[in-house]
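Before any comments, here is the structure.
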Amino acid sequence: HAADAHRTDLMTITRFVLNEQTKHPESRGDFSILLSHIVLGCKFVCTAVNKGEDQKKLDVLSNEVFIKALVSSGRTCILVSEEDEEATFVEPANRGKYCVVFDPLDGSSNIDCGVSIGTIFGIYMIKDGHEPTLDDVLQPGMNMLAAGYCMYGSSCTLVLSTGSGVNGFTLDPSLGEFILTHPDIKIPKKGKIYSVNEGNAKNWDGPTSKYVQSCKYPADGSSPKSLRYIGSMVADVHRTLLYGGIFLYPGDKKSPNGKLRVLYEVFPMSFLMEQAGGQAFTGKQRVQFLRILSALDLVPEKIHERSPIFLGSYDDVEEIKKLYAAEE
Ligand code: AHG
Ligand code: MN
Ligand code: MN
Ligand code: MN
């Protein structure tokens with residue numbers, strides 16, 4: 001019967017990526033093998049989180065499992081983790097052509113109270129066949145081949161883009177497989193939610209203050225936006241992606257570059273937002289040649305560098321870009 005056919009035609013993340021990779025014959029399946037090792041790490045963390053491991057242990061455990069899974073994939077040459085001060089250079093015998101930047105456990109301060117947390121990752125191709133150096137990971141986000149996050153909440157959801165749109169997969173614990181549940185995610189052009197830690201308002205700069213004020217007291221008399229802030233970037237970004245609106249972690253007087261890290265928080269989430277029809281802006285890049293640069297145009301100089309970030313629905317981000325451009 002048609003219903004059964006649908007039920008037995010399992011679109012797992014592995015099958016989905018294999019289909020996508022037919023567009024990149026040169027990758028010879030390497031990317032699919034890399035992704036399957038990232039997925040393995042996510043399944044491990046999902047189990048550990050649900051077992052209720054405590055925060056400290058989980059931070060270390062998740063970092064170790066991702067490093068080991070990525071090295072053992074034989075498809076990576078440089079790994080940058082939020083948890084490791086130095087980059088990991090894979091030994092020559094086990095080296096591949098991909099560089100992976102990741103935050104193994106994002107929102108970890110929320111673990112002990114059961115709020116959703118996640119893993120965030122981005123994938124670059126090594127620049128060219130030379131000995132891998134840090135330059136291979138200090139690339140603008142525009143050069144990322146793929147990016148994604150896994151959210152460990154009431155269910156385990158993996159959201160991924162390999163450069164042609166965004167797709168969401170939910171872990172089916174009975175199968176141990178991520179199944180396609182959110183095909184071709186597009187963020188609403190405009191939203192009714194803003195997401196920021198209002199506790200930092202005292203130190204915000206002019207454009208950020210004006211923008212948040214306009215969310216609460218719209219000049220055109222439209223209804224105010226709602227404030228939703230979970231404090232886990234993965235959860236706040238996932239809600240923004242599905243419901244629309246804007247997520248912002250601005251710079252301020254105390255931390256001019258904000259709090260979020262460029263390589264494994266700002267870039268992957270900005271990549272996903274642009275792929276879903278939204279946009280991402282850092283507020284630090286000035287209007288150049290009448291074009292305000294995307295957050296993905298940023299060229300990082302240090303692997304743990306931070307940047308302010310404003311990302312989400314196209315029209316909402318446009319508003320704050322205008323306020324920063326007026327500051328010129
Ligand atoms: P991490 O747990 O990986 O250090 O990241 C925490 C980040 C991010 O998840 C979230 O958006 C932000 O911290 C919240 O910061 P504030 O508590 O300053 O709002
Ligand atoms: Mn983080
Ligand atoms: Mn983290
Ligand atoms: Mn941290």
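Order of listing sets the numbers, starting from 1, for every ligand and every atom in it. Small disclaimer: the values here were computed from a predicted structure and weren't measured.
No donor-acceptor contact under 3.5 angstrom links the side chains of S32 and Q21, judged on distance only. T208 and D205 form a side-chain donor-acceptor contact under 3.5 Å, judged by distance and modelled atom types alone. In the model, D84 has a side-chain atom that pairs as donor or acceptor with a side-chain atom of N63 under 3.5 Å. E274 and S294 form a side-chain donor-acceptor contact under 3.5 Å, judged by distance and modelled atom types alone. Using modelled atom types and a 3.5 Å distance limit, the side chains of S313 and D315 yield no donor-acceptor pair.
If you look at E265 and ask which of its N, O or S atoms sits nearest the Mn ion (ligand 2), the answer is OE2. Restricting D106 to its N, O or S atoms, the one at the least distance from the Mn ion (ligand 2) is OD1. When distances from the Mn ion (ligand 2) to the N, O or S atoms of D103 are compared, OD2 comes out shortest. Within E82, the N, O or S atom lying nearest to the Mn ion (ligand 3) carries the name OE1.
Here's the thing with L260: none of its N/O atoms is less than 3.5 angstrom from an N/O atom of ligand 1. Here's the thing with F247: none of its N/O atoms is less than 3.5 angstrom from an N/O atom of ligand 1. Some N or O of D106 is nearer than 3.5 Å to an N or O of ligand 1, by distance alone. Of the polar atoms of N200, none of the N or O atoms is found under 3.5 Å from an N or O of ligand 1, judged by distance alone.
Within the structure, the ring pair (Phe, Tyr, Trp, His ring centres under 6.0 Å) test picks out no pair touching residues 107-141 (sequence neighbours left out). Residue pairs meeting the ring pair (Phe, Tyr, Trp, His ring centres under 6.0 Å) criterion with at least one member in residues 204-226: none, sequence neighbours excluded.
At least one donor-acceptor pair closer than 3.5 Å links the side chain of D236 to the backbone N or O of I230. Under the 3.5 Å distance criterion, the side-chain polar atoms of S255 are left unmatched by any main-chain donor or acceptor of N257.
Under the side-chain hydrogen bond (donor to acceptor under 3.5 Å, both in side chains) rule, D316 has a single partner from Q279, K189, K225, K192, which is K225. Residue F169 is tested with I13, T157, V17 for a side chain to side chain contact (heavy atoms under 4.5 Å, CB included); the sole match is I13.
Residue Y229 has at least one heavy-atom neighbour below 4.0 Å for each of these atoms of ligand 1: 14 (C), 15 (O), 16 (P), 19 (O). For ligand 1 and E82, the ligand atoms under 4.0 Å from any heavy atom of the residue are 1 (P), 3 (O), 4 (O). Taking every heavy atom of K259 and a limit of under 4.0 angstrom, the matching atoms of ligand 1 come to 12 (C), 13 (O), 14 (C), 15 (O), 16 (P), 17 (O), 18 (O). Atoms of ligand 1 found under 4.0 Å from any heavy atom of S232 (numbered from 1 in listed order, with element): 9 (O). Less than 4.0 angstrom separates some heavy atom of E265 from each of these atoms of ligand 1: 3 (O), 5 (O). Contact atoms of ligand 1 toward G107: 1 (P), 2 (O), 3 (O), 5 (O), 6 (C), 9 (O) (distance under 4.0 Å to a heavy atom of the residue). Interface of N197 with ligand 1, defined as ligand atoms under 4.0 Å from a residue heavy atom, comprises 16 (P), 18 (O), 19 (O). Residue D103 has at least one heavy-atom neighbour below 4.0 Å for each of these atoms of ligand 1: 3 (O).
Residue contacts with ligand 1 leave out N110, since none of its heavy atoms falls under 4.0 Å from the ligand. For D236, the heavy-atom gap to ligand 1 stays at 4.0 angstrom or more.
Between F66 and F44, the distance from one ring center to the other does not fall under 6.0 angstrom.
Not a single N/O/S atom of P104, whether from backbone or side chain, sits less than 2.8 Å from the Mn ion (ligand 3).
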